[in-house]
Structure formats: structure tokens, C-alpha cells
Amino acid sequence: MAVSTPPGAFSGAQIFRAALNLWLGNLFVLTAISFLFGLFLLTVSSVLQLGLGVSGLALEFMLGPIGSGLLVLVAADLLAEEPIDPAALSRRITAVIGPLIILSIVGTLLTAMGFFLLVLPGLYVAAVLLPLVPVILMEHQGWQSLGHTWQMAQPHAWPLVGVLLRLLAVGIVLLVPILLIVSLDGFENLQILSAGLTLAGSALLSGLAASVSVLTYYGLRGGDDNVSEVFE
């Protein structure tokens with residue numbers, strides 16, 4: 001079982017700075033993987049909607065956690081300077097695919113309920129659940145991963161809110177210019193270009209989110225020799 005960082009020793013600024021370094025140092029790999037997975041989801045969703053008249057949103061909602069898990073594992077391997085092994089990544093995700101999908105959806109619903117009630121509870125829940133996917137993938141606690149994540153992260157909730165706000169700020173900087181560009185007159189006739197730009201922006205942000213999730217997890221564990229130098 002992971003050992004939580006003692007209260008007061010956890011630095012949200014340090015975590016986010018390390019995540020930025022990991023993301024920027026591996027920008028192409030993380031963005032490319034996220035873009036290709038997003039393109040796959042978009043293609044399958046479009047086929048379902050055009051061919052069967054079935055909305056692909058449910059499919060994206062179900063398969064999205066797999067993409068998040070893939071990026072988290074890749075970010076963790078890049079952090080450890082391990083080679084990217086697609087077969088090993090597939091096995092690691094398949095081993096926990098049930099909890100990964102269901103608990104990720106539960107976490108999303110809990111966050112949405114928090115935002116529905118008031119914005120601050122939503123931020124609080126989303127921040128505490130930042131390390132959920134790494135816990136599922138690396139702790140191997142199955143359906144207990146949600147409770148373990150909460151137990152590990154909740155004592156450091158407010159620094160984690162700071163991490164989340166920094167992530168949201170970067171997301172605004174990345175996505176708002178793209179949304180403004182695709183809303184310009186004439187872009188409505190360039191659907192492929194608009195979709196590509198939007199997907200690229202989302203892929204960039206997803207790579208950073210995965211890096212934040214991984215570094216948050218290791219920051220909460222504390223004392224891991226193989227990653228401790230990242231925080232120095």
C-alpha cells in the first residue's frame with residue numbers, strides 16, 4: 001500500500017512544475033498518442049451515428065477512461081525512462097479494465113454533482129480524484145481504488161485544488177484560441193480542419209492532465225527513489 005506524504009510536506013506548485021517538465025519534455029509522444037486515440041474515438045463515434053443512427057457519445061464516455069489510462073501509463077514510463085511497450089501497456093490496462101472504466105465514470109459523476117451543487121465542491125472532488133487513474137493502474141486494489149484514492153489525497157485537498165486550477169488555466173490558454181479560430185467565418189465549411197484543430201488542442205491538454213495525474217500520485221506517495229529527483 002502506498003504511503004501518503006505527511007501533511008504539510010505536499011507542494012502543489014512543485015507537483016505542477018514537475019508535471020509541466022514531464023509534459024514539455026515528452027510533448028510529441030504524449031500528444032501523438034492522445035491525438036490518435038481521440039481520432040479513433042471520433043471515427044468510431046461517427047460511424048455509429050451515420051451507419052446505425054446511434055449516438056457515439058456513450059461510446060466515448062465508456063472508452064475515454066481507457067485513453068486516460070493509456071496516457072497515464074505512458075507518462076509513468078517516460079518519467080521512469082522506460083521504453084514504451086504497446087503489448088505491456090495493453091496487458092496492464094486489460095488487467096484492471098473494469099475498475100478503470102466504472103470508477104472513472106463514478107468519479108466523473110461525483111465531480112459533476114459537486115459542480116451542480118456549487119462550483120467549489122466540484123473543484124474539491126475533482127482535485128482529490130486527480131490520482132485516481134494511477135491508483136487503479138499501479139496499486140492493484142480493484143474496486144477499492146476509489147476509497148483508497150480519497151483516503152490518500154483528501155488530507156492534501158487544498159494544495160490539490162491549486163494543482164487543478166493551474167491545469168485549468170493552462171487548458172484555457174491552449175483551447176480558447178483554438179475555439180476562437182474554428183468559430184471564425186468560413187470555418188463551418190472546413191469541418192475536417194476544425195475537428196483536427198480541436199482534437200489537437202484536446203490531445204495537448206490530455207497529455208498534460210496525464211502528467212499531472214502521475215506526478216500527483218508519486219507526490220502523494222512520497223519517498224520513491226526512482227522519482228524523487230523530479231521534485232528536487
Side-chain angles (χ1 to χ4, degrees), residues 12 16-17 19-50 54-72 74-75 104-105 107-127 129-130 132-133 160-216:
F16 193 75
R17 184 167 58 250
L20 273 177
N21 290 336
L22 175 62
W23 177 57
L24 292 172
N26 302 278
L27 191 62
F28 176 77
V29 174
L30 290 170
T31 303
I33 292 173
S34 180
F35 184 88
L36 290 174
F37 190 85
L39 185 61
F40 165 75
L41 285 184
L42 182 62
T43 301
V44 174
S45 175
S46 299
V47 169
L48 285 177
Q49 191 160 1
L50 293 175
V54 177
S55 174
L57 291 177
L59 178 70
E60 294 184 30
F61 195 61
M62 291 292 292
L63 295 185
I66 296 177
S68 298
L70 175 63
L71 277 178
V72 161
V74 170
S104 294
I105 292 174
T108 300
L109 293 176
L110 289 173
T111 301
M113 289 173 59
F115 277 108
F116 179 76
L117 294 173
L118 285 171
V119 173
L120 191 58
L123 284 173
Y124 186 94
V125 173
L129 295 182
L130 274 175
L132 174 60
V133 173
L160 287 172
V161 169
V163 174
L164 181 61
L165 289 175
R166 290 176 174 89
L167 177 60
L168 292 175
V170 174
I172 290 172
V173 172
L174 286 176
L175 296 182
V176 168
I178 293 175
L179 294 176
L180 290 175
I181 291 173
V182 300
S183 66
L184 293 174
D185 292 339
F187 260 85
E188 64 271 12
N189 299 321
L190 302 172
Q191 295 183 1
I192 295 179
L193 180 58
S194 296
L197 284 173
T198 304
L199 195 58
S202 178
L204 282 167
L205 186 58
S206 295
L208 176 57
S211 300
V212 167
S213 186
V214 168
L215 268 299
T216 297

[Y] side chain reached by [X] side chain, heavy atoms, under 4.5 Å:
{"X": "Pro65", "Y": "Val133", "value": "no"}
{"X": "Ser213", "Y": "Val72", "value": "yes"}
{"X": "Val212", "Y": "Arg166", "value": "no"}
{"X": "Leu30", "Y": "Leu208", "value": "no"}
{"X": "Leu123", "Y": "Leu168", "value": "yes"}
{"X": "Thr216", "Y": "Phe16", "value": "no"}

Spacing of [atom1] belonging to [X] relative to [atom2] belonging to [Y], to within rounding of 0.5 Å:
{"X": "Leu215", "Y": "Leu130", "atom1": "CG", "atom2": "CG", "answer": "11.5 Å"}
{"X": "Leu205", "Y": "Ser34", "atom1": "CG", "atom2": "OG", "answer": "9.0 Å"}
{"X": "Leu27", "Y": "Thr31", "atom1": "CG", "atom2": "OG1", "answer": "4.0 Å"}
{"X": "Phe37", "Y": "Ser206", "atom1": "CZ", "atom2": "OG", "answer": "10.5 Å"}
{"X": "Leu110", "Y": "Leu132", "atom1": "CG", "atom2": "CG", "answer": "10.0 Å"}
{"X": "Ile33", "Y": "Asn26", "atom1": "CD1", "atom2": "CG", "answer": "9.5 Å"}

Inset, instruction - Give every residue pair that meets the side chain to side chain donor-acceptor pair (under 3.5 Å) criterion with at least one member in residues 107-127, sequence neighbours excluded. - result: Tyr124-Gln154

Legend entry - Minimum heavy-atom distance Val214-Ala75, with the two atoms named: CG2-CB, 3.9 Å

Legend entry - Flag, side chain of Ser202 to backbone of Thr198, donor-acceptor distance under 3.5 Å: no

Inset, instruction - Spell out, as yes or no, whether a donor-acceptor pair under 3.5 Å connects the side chain of Trp23 to the backbone of Leu204. - result: yes

